[in-house]
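Note that this is a predicted model, so its numbers are computed, not measured.
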Amino acid sequence: MTEENYLYRTSPLTLRSQFSGSGHWKIPVIPKAHFTDNEFQALRLIGYDRTKPDDERHLERMVHFFLYNYKFERVWKRPNQDVEKLKRYRAILSPDFSMYLEMAPVMQLYNVFRNRWCGAYFSSKGIRVVPTVSWGCEDTFDFCFDGIPKGSTVAVSTYMVSAHGNHADQKDFFMKGYREMLQRIEPERIICYNEPFPEMEGNIVFVDYELSSWKYQNENYTPSKYLAYILGELPLPAGSKIHIKSGCVLRENQIEKGMGSAHGGPWQPAKPADERFLGEPGTIKDTWVPTSKGGYRAITKIGSDGRATEEWHFTDHGSPGSHSVPHRHSIGWPNGFPLPGPPINNPGAAPEMKQHGGTYKMNHYPTPESIELNRFKTISDFKWCVNCGGEIEFEWNNKLFGIFPKLRKTPDAPLQMMISQIYVDNADRAEKWCDNADEVLEYVIDGDRLRDIITKVDVTSRTI
């Protein structure tokens with residue numbers, strides 16, 4: 001055996017066995033870190049991807065890893081490279097490698113091991129570490145709480161299991177694991193990143209998700225809910241179950257009924273027109289979709305599982321070169337939400353659709369409703385809609401623009417989208433073909449990047 005092979009085979013980063021472990025799988029133990037109550041007063045976090053070796057403004061924060069795994073894989077592969085940088089911050093939460101419900105059990109076990117190993121490693125380098133706790137279904141309870149001494153301060157996040165982005169919450173799943181964690185670990189405190197569910201018991205340190213995001217790293221905004229109570233700026237509401245102690249949110253015992261699904265919670269309609277994607281199996285829904293130009297008619301077929309399977313649009317969406325009147329979209333649900341396929345042009349056709357009780361003939365129009373103006377709450381919300389093949393109309397400086405997916409020759413062809421001014425002569429139309437949502441966000445309208453205005457514009461039509 002060469003020396004090189006020997007060193008590789010015996011390397012601590014190959015064996016990962018240098019820390020004492022607990023449970024059947026010898027999950028590395030993260031030593032209990034000690035904190036004072038004052039360290040949790042108005043606590044904010046900072047994402048690992050925002051930490052810097054020369055940062056001087058956010059050293060009072062704790063570092064979190066509630067991020068996509070690819071953003072922090074290096075702490076597993078090359079943990080020594082970040083030691084000096086992370087030492088400068090107040091503490092770190094152990095890396096939250098994903099525990100999605102859809103994962104193979106061995107991957108869930110592997111990610112728990114990585115979480116604890118990294119935490120134990122950074123603790124061995126003199127960094128205070130708060131274990132981040134995640135879980136899957138009940139069969140993960142045999143290992144997902146290992147490696148955490150009783151009475152430790154721990155961290156959880158409700159963001160991925162809360163209702164947002166057209167997805168319902170996954171509270172029942174979360175609370176089952178949360179209650180199990182309370183029994184097994186008996187934590188001294190629970191740092192909760194994002195708003196806690198009312199049913200959560202224990203000494204909860206609420207960390208406002210928005211205030212800890214990159215948007216407010218350099219600002220001093222007042223958070224939405226608990227901080228005003230913690231600081232004594234507001235009296236507790238009458239009948240409140242909340243108690244304040246040392247900057248933490250505590251709750252009385254209540255008996256009520258980047259974990260969770262990889263797809264998020266069950267999809268739910270964001271506005272009335274979106275309700276057409278769900279219905280009685282085998283029926284046809286005739287919906288008026290409001291827009292600034294009055295709206296358009298959508299005929300939607302509901303499949304045997306109560307979800308839409310195809311839809312006809314009686315409009316060209318202001319882009320006659322891409323859409324015939326009418327045109328059809330097949331509707332898939334690959335990730336749990338309605339995903340229209342590219343437009344299938346069929347000018348002049350008004351086909352019949354089979355439904356329970358007979359044939360539905362498209363020979364009448366519903367009464368138009370009022371215009372349904374709305375806005376994207378976040379850039380992430382916009383990117384999700386575009387990357388799902390959504391069709392969007394919006395207004396800026398009294399001009400109407402559209403974003404539409406390109407007609408694909410095959411279903412597996414890469415998604416492309418066009419952004420252009422609509423309802424104008426083709427000669428005056430400015431358009432751009434883009435390969436992804438980030439390219440769309442760089443589109444410039446009268447000197448303004450779409451990225452800077454998309455959460456301010458009036459969205460006059462949106463199919464996803």
Side-chain angles (χ1 to χ4, degrees), residues 165-166 215 269-274 276 287-298 311-327 329 339-340 342-343 345 347 365-408 415-464:
N166 284 35
K215 292 183 288 186
K271 56 187 189 292
D274 291 343
R276 69 187 189 275
T287 307
W288 189 262
V289 181
T291 72
S292 61
K293 293 295 183 180
Y296 63 90
R297 184 189 188 198
E311 182 170 84
W312 287 80
H313 292 178
F314 288 79
T315 176
D316 61 12
H317 296 295
S319 181
S322 302
H323 301 83
S324 66
V325 181
H327 61 274
H329 297 268
L339 179 59
N345 291 324
Y365 285 80
T367 302
E369 303 169 5
S370 60
I371 297 174
E372 187 178 346
L373 297 177
N374 58 65
R375 292 183 177 178
F376 288 104
K377 294 181 180 179
T378 65
I379 287 180
S380 295
D381 184 23
F382 168 81
K383 292 173 70 173
W384 173 80
C385 181
V386 171
N387 287 330
C388 290
E391 296 178 344
I392 303 165
E393 294 181 13
F394 65 89
E395 183 176 354
W396 183 251
N397 291 345
N398 297 316
K399 299 177 183 177
L400 281 171
F401 292 84
I403 300 173
F404 309 106
K406 182 180 181 180
L407 181 63
R408 290 180 285 182
L415 177 67
Q416 285 188 306
M417 61 284 298
M418 178 185 70
I419 177 170
S420 71
Q421 191 174 352
I422 57 177
Y423 300 110
V424 297
D425 293 337
N426 286 338
D428 298 327
R429 185 191 301 267
E431 63 182 37
K432 178 182 178 181
W433 284 102
C434 305
D435 292 325
N436 53 58
D438 284 310
E439 286 190 25
V440 177
L441 288 167
E442 296 305 310
Y443 186 81
V444 176
I445 302 173
D446 296 337
D448 297 310
R449 286 191 314 165
L450 186 61
R451 182 181 299 275
D452 299 324
I453 64 175
I454 192 56
T455 56
K456 305 173 185 176
V457 301
D458 289 328
V459 178
T460 58
S461 175
R462 175 180 174 182
T463 60
I464 282 286

**Student:** Quick check: closest heavy atoms across L450 and I403, and the distance to 0.1 Å?
**Tutor:**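 Closest approach of L450 to I403: CD2-CD1, 4.3 Å.
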
**Student:** Does K456 have more than 12 heavy atoms from other residues, nucleotides or ligands lying within 6.0 Å of its NZ?
**Tutor:**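 Check fails, neighbour count at 12 or below.
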
**Student:** So how far is it from N436 CG to M417 CE, rounded to the nearest 0.5 Å?
**Tutor:**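 Atom-to-atom, N436:CG and M417:CE are 7.0 Å apart.
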
**Student:** Restricting to non-hydrogen atoms, name the atom on Y296 and the atom on R276 that form the minimum distance, rounded to 0.1 Å.
**Tutor:**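 Nearest heavy atoms, Y296 then R276: OH-NH2, 4.4 Å.
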
**Student:** What closest approach, in Å, do P343 and P405 show between heavy atoms, and which atom pair accounts for it?
**Tutor:**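 Minimum heavy-atom separation between P343 and P405: CD-O, 4.2 Å.
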
**Student:** Do you know which two heavy atoms are closest between I454 and V457, and how far apart they sit?
**Tutor:**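 Closest heavy-atom pair between I454 and V457: O-CG2, 3.4 Å.
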
**Student:** For the residue pair R451 and D438, what are the closest heavy atoms and their distance?
**Tutor:**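 Shortest heavy-atom separation between R451 and D438 comes out as NH2-OD1, 3.4 Å.
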
**Student:** Take K383 and V440, measure what side-chain contact (heavy atoms from CB on, under 4.5 Å) needs, and give me the verdict at the end.
**Tutor:** CA-CA 9 Å; K383 292 173 70 173; V440 177; over 6 Å; no

**Student:** What's the separation between atom CD in E439 and atom CH2 in W433, rounded to the nearest 0.5 Å?
**Tutor:**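 Going from the CD atom of E439 to the CH2 atom of W433 covers 12.5 Å.
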
**Student:** Could you tell me if the ring centre of F394 sits under 6.0 Å from that of F401?
**Tutor:**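 They qualify: ring centres under 6.0 Å apart.
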
**Student:** About how many Å separate CG of L400 and CD of E395, when rounded to the nearest 0.5 Å?
**Tutor:**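 It is 5.0 Å, given to the nearest 0.5 Å.
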
**Student:** Where does the angle between the aromatic ring planes of H329 and H313 fall among parallel (under 30°), tilted (30 to 60°) and perpendicular (over 60°)?
**Tutor:**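 Correct class here is tilted.
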
**Student:** Quick one: CH2 on W312 to NE2 on H327, what's the gap to the nearest 0.5 Å?
**Tutor:**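 Taking CH2 in W312 and NE2 in H327, the distance rounds to 9.5 Å.
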
**Student:** Going from CD1 on I445 to CD1 on I419, what distance comes out if it is rounded to the nearest 0.5 angstrom?
**Tutor:**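 So the gap between those two atoms works out to 5.0 Å.
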
**Student:** Check whether any side-chain heavy atom of V459 sits under 4.5 Å from a side-chain heavy atom of F382, and report yes or no.
**Tutor:**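 No, side chains not in contact.
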
**Student:** Rounded to the nearest 0.5 Å, how far does CD1 of I453 lie from CG of N397?
**Tutor:**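 If we round to the nearest 0.5 Å, N397:CG and I453:CD1 are 7.5 Å apart.
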
**Student:** Could you report the tightest heavy-atom contact between S324 and N345, atom names first, then the distance?
**Tutor:**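 Between these two residues, the closest heavy atoms are N-OD1, 2.9 Å.
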
